[in-house]
Protein chains: 2
Amino acid sequence: MSESLCFCTTLREAARRLTSVYDEALSGLGVNVAQFGLLRILDRSGPLTMTEFATAAELDRSTIGRNVRVIERLGLVALEAGKDRRESVVSLTRSGHKVLARGVPLWEKAQRIVEVKLGVAGAENLRNALRAL
Amino acid sequence: MSESLCFCTTLREAARRLTSVYDEALSGLGVNVAQFGLLRILDRSGPLTMTEFATAAELDRSTIGRNVRVIERLGLVALEAGKDRRESVVSLTRSGHKVLARGVPLWEKAQRIVEVKLGVAGAENLRNALRAL
DNA sequence: CGGATTTACATGTATATGCAATTAATATTC
DNA sequence: GAATATTAATTGCATATACATGTAAATCCG
């Protein structure tokens, strides 16, 4: 009976809702949470090839390619060819760094919303459960 | 520096991974987990207008409209006008019921995979945390 | 009754996502 | 060194998703 609750559906719904919470928190920044997350990865890792970027973001290579194109059009990242001519290396621009700096406090506010809803311990438990999936 | 782990990103990644798990479990059924979820909603609720369906699925009305179009093309649901000529009522077809019946055991297998990964208690905790978001 | 408003969908536009197939460049092997 | 295989990225195709806008039908009100 409680069989009627699908973990996957529940998770997908929560992901949509939380995405909306973060997008609102970031509103005015000019990027959504998915894009902000990509900037954060680049900030932590430094320049990455598409393949490395896809691995870091747990996305398909074709997906990362398209997502990068969007934030490139926004001027937040720049592409250059690697020594291996097949590779395309992505790095943050000055503008990208600025958006990150302006975004961090907004993002932290969203993080706190989650911690308030779940409690710090609950939030940590959620993180662990999600990591296990 | 503290928390470099974004709840939203973690949740979105988990949603992608779990979606892939369920899609594999349902492979051969001809529908993915998102579509299967819509069939399940209809099965539980009976025929729904687009607006009711969107509410039940926690999706935008425009999104449900497009998603319904896909499963309609597959012959799994049928549309008819309500007495209120603006309304479009969605109901399961025989074919849709069959897919549901064939899919339930596959879906249950995926559910069990989650319970094995998290433990039954952990899975229940996850459900509660996600509901709170 | 008839115009104004609200409601229900559909469409336009844009991002996010993945798989399959393609293209270009590097590496391997004979 | 040339043929082959592998690798990196892109492109084609399809679904999922939301917001803003358009359209048609129903309802409200003067």
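All of these numbers come straight from a predicted model, not from anything done at the bench. Residue numbers begin at 1 in each chain, while the letters A, B, ... track the order of the sequences.
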How about [X] and [Y]: do any of their side-chain heavy atoms sit closer than 4.5 Å?
X: L26(B); Y: N32(B); answer: no
X: I64(B); Y: L38(B); answer: yes
X: T55(A); Y: E52(A); answer: no

Can you find a side-chain donor-acceptor pair between T10(A) and R131(B) that sits under 3.5 Å? no
Going by atom types alone, do R12(B) and T19(A) pair a side-chain donor with an acceptor below 3.5 Å? yes
Would you state whether a donor and an acceptor, one from the side chain of R86(B) and one from the base of dA8(C), lie under 3.5 Å apart? no
Does S62(B) get its side chain close enough to the base of dC19(D), under 3.5 Å, for a donor-acceptor pair? yes
For R66(B) and R73(B), take the nucleotide of DNA chain D holding the closest heavy atom to each; which residue's nucleotide lies nearer the 5' end? R73(B)
When S20(A) and N32(B) are each assigned the nearest nucleotide of DNA chain D, the 5'-most assignment goes to N32(B)
Between R85(A) and R69(B), just flag the one whose closest nucleotide in DNA chain C comes earlier from the 5' side. R69(B)
What is the distance, to the nearest angstrom, from the [atom1] atom on [X] to the [atom2] atom on [N]?
X: I64(B); N: dT11(C); atom1: CD1; atom2: P; answer: 16 Å
X: R16(B); N: dC19(C); atom1: CZ; atom2: C1'; answer: 15 Å
X: E52(B); N: dA8(C); atom1: CD; atom2: P; answer: 9 Å
X: Q35(A); N: dA16(C); atom1: CD; atom2: C1'; answer: 10 Å
X: I71(B); N: dA16(D); atom1: CD1; atom2: C1'; answer: 13 Å
X: R61(A); N: dA21(C); atom1: CZ; atom2: P; answer: 16 Å
X: F53(A); N: dA8(D); atom1: CZ; atom2: P; answer: 17 Å
X: E80(A); N: dA9(D); atom1: CD; atom2: P; answer: 13 Å

To the side chain of [X], which of [options] is closest?
X: E87(A); options: dC9(C), dA9(D), dA25(D); value: dA9(D)
X: A34(B); options: dA9(D), dA25(D), dA16(D); value: dA16(D)
X: L59(B); options: dA18(D), dA16(D), dA8(D); value: dA18(D)

For dT17(D), does either OP1 or OP2 sit under 4.0 Å from a side-chain N or O belonging to N67(B)? yes
Is T51(B) near enough to dC9(C) that one of its side-chain N or O atoms lies under 4.0 angstrom from OP1 or OP2? yes
Taking any heavy-atom pair under 4.0 Å as a contact, classify [X]: base, sugar-phosphate, or nothing.
X: T49(B); value: sugar-phosphate
X: T63(B); value: base
X: D84(A); value: sugar-phosphate

Roughly how far, to the nearest 0.5 Å, is the CD atom of E24(A) from the CD1 atom of I113(A)? 8.5 Å
